[in-house]
Amino acid sequence: MASKTVTPIPFSAEVELTTTEPVTGTYEVAPASFQVRMLRDAATSPDGRTFAFHAVGDLWTVAGLGGTPQRLATDDAFAYDPAFSPDGRRLVYTTWSDDTYGHIEVRELDSGATRRLTERPGHYATPRFSPDGQRIVFAREGGNGLRGSLYGVEPGLYWIDAKPAPAEAGGGPMTLVTDDGREPRFSADGERVYFLSGGGLEKAYKSVRLDGGDERTHFTLKYPTDIVPSPDGAWVAFTEAFNVYVAPFPKTGGAIDLNKDTKAIPVTRLSRDAGTDLPWVGNDRVRWLIGPEVYTRSLDEAFAFRADAPDDLPKPDSVGTEIELMMPFDAPSGSVAFVGARVITMDGDEVIEDGTVLVEGNRIAAVGPRADVDVPAGATVIDAAGHTIMPGLVDVHAHAGHFYDGALPEANWAYYANLAFGVTTMHDPSATTETVFSLAELVKAGEVVGPRVYSTGTILYGADSDFRATVNSLDDARSHLRRMKAVGAHSVKSYNQPRRDQRQQVLQAVRELNMLVVPEGGSTFHHNLNQIVDGHTGIEHAMPVAPLYNDVLTLWGESGVAYTPTLVVGYGGLWGENYWYATENVWEDERLLTFTPRGTVDARSRRRTLVPDSEYWHKTLAASAKDLSDRGVGVNLGAHGQMQGVAAHWELWMFGQGRMTPLEAIRAATLNGARYVGLDSDIGSIEEGKLADLVVLTANPLDDLRHTRDIRYTVANGRVYDAATMDQVWPTATPRPPLWFEREGASDASVWRDGDTHAFGCSCGTH
């Protein structure tokens, strides 16, 4: 004690521990065609004969649910939120174009004639007809980080004339109803507007007159998330805990606490697993979606007290009608050869000097020494002498703006930023389901430029919230996984499920449904350890205790469970992200600023956290990741979306700070991640037959890992892009469209200009 000398006491213990094989899987990345699974914004004609929905950027209609989906062309704009007129002859919807912004349009279904109702561009949502078809009520929103905020002023609920006079062919005036709420719709008599107000666990369903007066609260809502009255106002369908319920809509003059367990009014569950959108068919049938399947249930099948109810009411519905919408998977045609480069193949430790990579369409046709690869006549040849080619980066923990909802941009800056820094595949382990799978299918179809997008969708959250995924049985777990698989997920995230048996139930359901499960331990050491023992696919985020010693290293090394430490946001100490803000002038990074709103970069990078170098905890975490890698654990790159694209390189370089060799760090950033999310049969290495996702570097990262960001070309799905501009250079020369913050009139608020002058921008484009 006097000398204060600390001496470790060596000891060992013989421990016999049974672990469960981890959940793994293999999934096809780029088939010739794919089934569209993320159907959304469903609507049904009053007679029930026509079904409309949004998918891959456009609107589609199906006759009688059994027909072939027909696309409604919308003039080079994405289209959303369809709603039928009371006579079924017109369809109102919103549009979004990066050039013209958002509008509301009405289409005559017989003739196809279209009329734009809004004169002012904006961010519009959920237009719906009045019962007499003369007016349309809608929401005007404030924009977001993907679409920008231009024309986002004066948000609220409005109504507009559904048939403007000929003199107002360019759009009529809008009348404000209320500056509060979302999801507006008219009452049965057309005199009031219903809307959803509030958020989280404090929501309410209200109504006001068309002038905004006489506000009434009809329902208070804690766990329900969506609520839709029947056209006659006598019933209400709602969702809670992802499932669909129906109840009477009493007019008591006071508020009723509406939930699935309420005793004040009869409530019946309709869906087995989940449901979204809830369009009514007339006044007595509720319809809902799960992925590509449409379900319908009548009130007579829901309530025994109905006159025409059967003797035995059916159980919650589990068999829907599938809308089979197939799309070709985007792929270029022709051949391109990169000749004379050093090729880091990730096929073992193979590095080919003076090599050739031949790409045909979107796949690698050949790779090897220049002398061994025949380049066919007619192929485009790119001289890559002095360059290094490696696989595209696979970011398996990539949050990329997927929490926004509503309309999606045609040019997504977050996607361009990732591609510009060589990230060709992203897996987002926590996202808004509707948004992330809509974007994933837009990329597959070639409608949006971006990395390959995979996700768990909305997390299986165990804490108290209105999106909590309650798991108290194996059947509960199966239900949650079925609903996620229906929309296109092959992985789920088990997050804050408090009991170990709940997490094990999710694991069992995952095995049955051939999916993956990536958990998060919430910075709890023992939570992480039993996730390893129980056989999760991998551990997300850093183990909060470091360094790791032989007991944990041995256990984890024998388990086969992978590890995504996300050093940029490493638990247990100062995040690694701060190191790069402190040591580099990130706000001067020209490529980053080309693809990222200036305000986003400045806000995170200019006010530095300065600490002694020994305080940076990420180096200790990275050393533990290296120790695990040496024991056979698959360590993966996850940049957490901290700074789109460039943070993936920070993560890769931090692996090097933890003693990984350059080749080991590159493997963590490519093949390991592809293997982790079950895609390594198609991506992650440069091998014949695999998809052409490549990065062409001007310097050798095996000499210095910092060269991984010296990118000349990014090759994504066979298409070759100039990484500095993201103009496509092959198969055709195509300039990149401007991003929202590059467009005339757009302003990025709180922008630092040259000379550190602070300029403030307003969303209307004037100052």
(message) Would Arg147 pass as a cation-pi partner of Trp96, given that its NZ or CZ must be under 6.0 Å from the six-membered ring centre and within 45 degrees of the axis?
(response) yes

(request) Using only heavy-atom distances, determine whether the side chains of Thr44 and Arg287 contain a donor-acceptor pair under 3.5 Å. (result) yes

(message) Between Arg107 and Glu105, does any NZ, NE, NH1 or NH2 come within less than 4.0 Å of an OD or OE carboxylate oxygen?
(response) no

(request) Please collect all ring pair (Phe, Tyr, Trp, His ring centres under 6.0 Å) contacts where either partner lies in residues 474-494, sequence neighbours excluded, each pair once. (result) Tyr27-His490, Tyr454-His490

(request) May I ask you to say whether Arg128 pairs ionically with Glu183, meaning some side-chain N is under 4.0 Å from a carboxylate O? (result) yes

(message) Which residues pass the side chain to side chain contact (heavy atoms under 4.5 Å, CB included) test with Arg478, not counting sequence neighbours?
(response) Leu474, Asp475, Arg482, Ala509, Glu512

(message) Using 0.5 Å steps for rounding, measure from the CG atom of Asp214 to the CG atom of Leu210.
(response) 11.5 Å

(message) Do the side chains of Asp501 and Arg503 get close enough for a salt bridge, i.e. N-O under 4.0 angstrom?
(response) no

(message) Quick test of your reading of the model: are Lys493 and Glu520 salt-bridged, counting only N-O distances below 4.0 Å?
(response) yes

(request) Grab the two heavy atoms, one from Thr118 and one from Ile104, that are nearest each other, plus how far apart they are. (result) OG1-N, 3.0 Å

(request) Apply the test side chain to side chain contact (heavy atoms under 4.5 Å, CB included) to residues Tyr205 and Leu258: give CA-CA distance (whole Å), side-chain angles for both, the deciding distance (0.1 Å), then the verdict. (result) CA-CA 10 Å; Tyr205 201 63; Leu258 181 65; over 6 Å; no

(request) Would you mind telling me which of His103, His54, His123 makes a ring-ring contact (aromatic ring centres under 6.0 Å, His included) with Tyr80? (result) His54

(request) Report the residues that fulfil side chain to side chain donor-acceptor pair (under 3.5 Å) with Arg37, sequence neighbours left out, ordered by chain and then residue number. (result) Gln35

(request) Consider only side-chain N and O atoms of Ser494 and Gln497, and report whether a donor and an acceptor are under 3.5 Å apart. (result) no

(message) Does this structure show an ion pair linking Asp300 with Arg306, if we count only N-O contacts that are shorter than 4.0 Å?
(response) yes

(message) For Val236 versus Pro248, what's the shortest heavy-atom pair and its separation?
(response) CG1-O, 3.8 Å

(message) Between Thr458 and Thr433, is there a side-chain donor-acceptor contact under 3.5 Å, judged purely by atom types and distance?
(response) yes

(request) For His402 and Ala431, work out which heavy atoms get closest and say how close. (result) CB-CB, 3.6 Å

(request) Would you give the length of the straight line joining atom CD1 of Ile323 to atom CG of Leu289, rounded to the nearest 0.5 angstrom? (result) 8.0 Å

(request) Using distance alone, with no hydrogens and no angle criterion, decide if Ser207 and Arg192 have a side-chain donor and acceptor under 3.5 Å apart. (result) yes

(request) Could you tell me which non-hydrogen atom of Ala237 sits nearest to which non-hydrogen atom of Trp280, and how far apart they are? (result) N-CZ2, 3.8 Å

(request) Look at atom CD of Gln508 and say whether more than 12 heavy atoms of other residues, nucleotides or ligands are closer to it than 6.0 Å. (result) yes

(request) Apply side chain to side chain contact (heavy atoms under 4.5 Å, CB included) to Lys251 and list each qualifying residue two or more places apart in sequence or on a separate chain. (result) Tyr194, Phe249

(message) Using modelled atom types and a 3.5 Å cut-off, is there a donor and acceptor pairing between side-chain atoms of Glu434 and backbone atoms of Arg40?
(response) no

(message) Quick one, Arg115 with Leu117, criterion side chain to side chain contact (heavy atoms under 4.5 Å, CB included). Give me CA distance, side-chain angles, the key distance, then yes/no.
(response) CA-CA 6 Å; Arg115 180 191 299 115; Leu117 300 184; 4.0 Å; yes

(message) I'd like to know if Lys222 pairs up with Asp257 as an ion pair, taking the criterion as any Lys NZ or Arg NE/NH1/NH2 lying under 4.0 Å from an Asp or Glu carboxylate oxygen.
(response) no

(request) Supply the atom-to-atom distance Glu540 CD to Gln531 CD, rounded to the nearest 0.5 angstrom. (result) 10.0 Å

Review item, side-chain donor-acceptor pairs of residues 81-92, under 3.5 Å, at least two apart:
unit_1, atom_1, unit_2, atom_2, d
Asp81, OD2, Thr126, N, 3.1
Ser85, OG, Asp87, OD1, 2.5
Ser85, OG, Gly88, N, 3.4
Ser85, OG, Arg89, N, 3.3
Ser85, OG, Arg90, N, 3.1
Asp87, OD1, Arg89, N, 3.0
Arg90, NH2, Gly133, O, 3.1

(request) Answer yes or no: are there more than 12 heavy-atom neighbours, outside Asp312 itself, under 6.0 Å from its atom CG? (result) no

(message) Before we go on, tell me: are the rings of Phe129 and Trp159 under 6.0 Å apart, centre to centre?
(response) no

(message) Is a donor from one side chain sitting under 3.5 angstrom from an acceptor on the other, for Tyr295 and Glu293?
(response) yes

(message) If only side-chain N and O atoms count, and only distance matters, is there a donor-acceptor pair under 3.5 Å linking Arg272 with Asn243?
(response) no

(request) Could you tell me whether the side chains of Ser479 and Asp273 share a donor-acceptor contact shorter than 3.5 Å? (result) yes

(message) Once you measure the plane-to-plane angle for Tyr101 and Tyr151, does it fall in the parallel (<30°), tilted (30-60°) or perpendicular (>60°) bin?
(response) perpendicular

(message) Given Trp288, which partner from the list Val294, Leu270, Asp277 fulfils the side-chain contact (heavy atoms from CB on, under 4.5 Å) test?
(response) Leu270

(request) Would you sort out whether Asp180 and Ser197 count as a side chain to side chain donor-acceptor pair (under 3.5 Å), showing the intermediate values? (result) CA-CA 7 Å; Asp180 178 42; Ser197 178; 2.7 Å; yes

(message) Could you tell me if Arg182 sits above the aromatic ring of Phe195, with its cationic atom closer than 6.0 Å to the ring centre and no more than 45 degrees from the axis?
(response) no

(message) Between Arg468 and Tyr461, is there a side-chain donor-acceptor contact under 3.5 Å, judged purely by atom types and distance?
(response) no

(request) Report the residues that fulfil salt bridge (charged side-chain N to carboxylate O under 4.0 Å, His left out) with Asp226, sequence neighbours left out, ordered by chain and then residue number. (result) none

(request) Examine distances only and state if a side-chain atom of Thr20 and a backbone atom of Gly535 form a donor-acceptor pair shorter than 3.5 Å. (result) no

(request) Ignoring hydrogens and angles, state whether a donor on the side chain of Thr225 or Thr239 is under 3.5 Å from an acceptor on the partner side chain. (result) yes

(request) Examine distances only and state if a side-chain atom of Glu240 and a backbone atom of Phe238 form a donor-acceptor pair shorter than 3.5 Å. (result) no

(message) Just by distance, no angles: are the side chains of Ser491 and His427 close enough, under 3.5 Å, to form a donor-acceptor pair?
(response) yes

(request) Report, as yes or no, whether the 6.0 Å neighbourhood of atom CZ on Arg49 holds more than 12 heavy atoms from other residues, nucleotides or ligands. (result) no

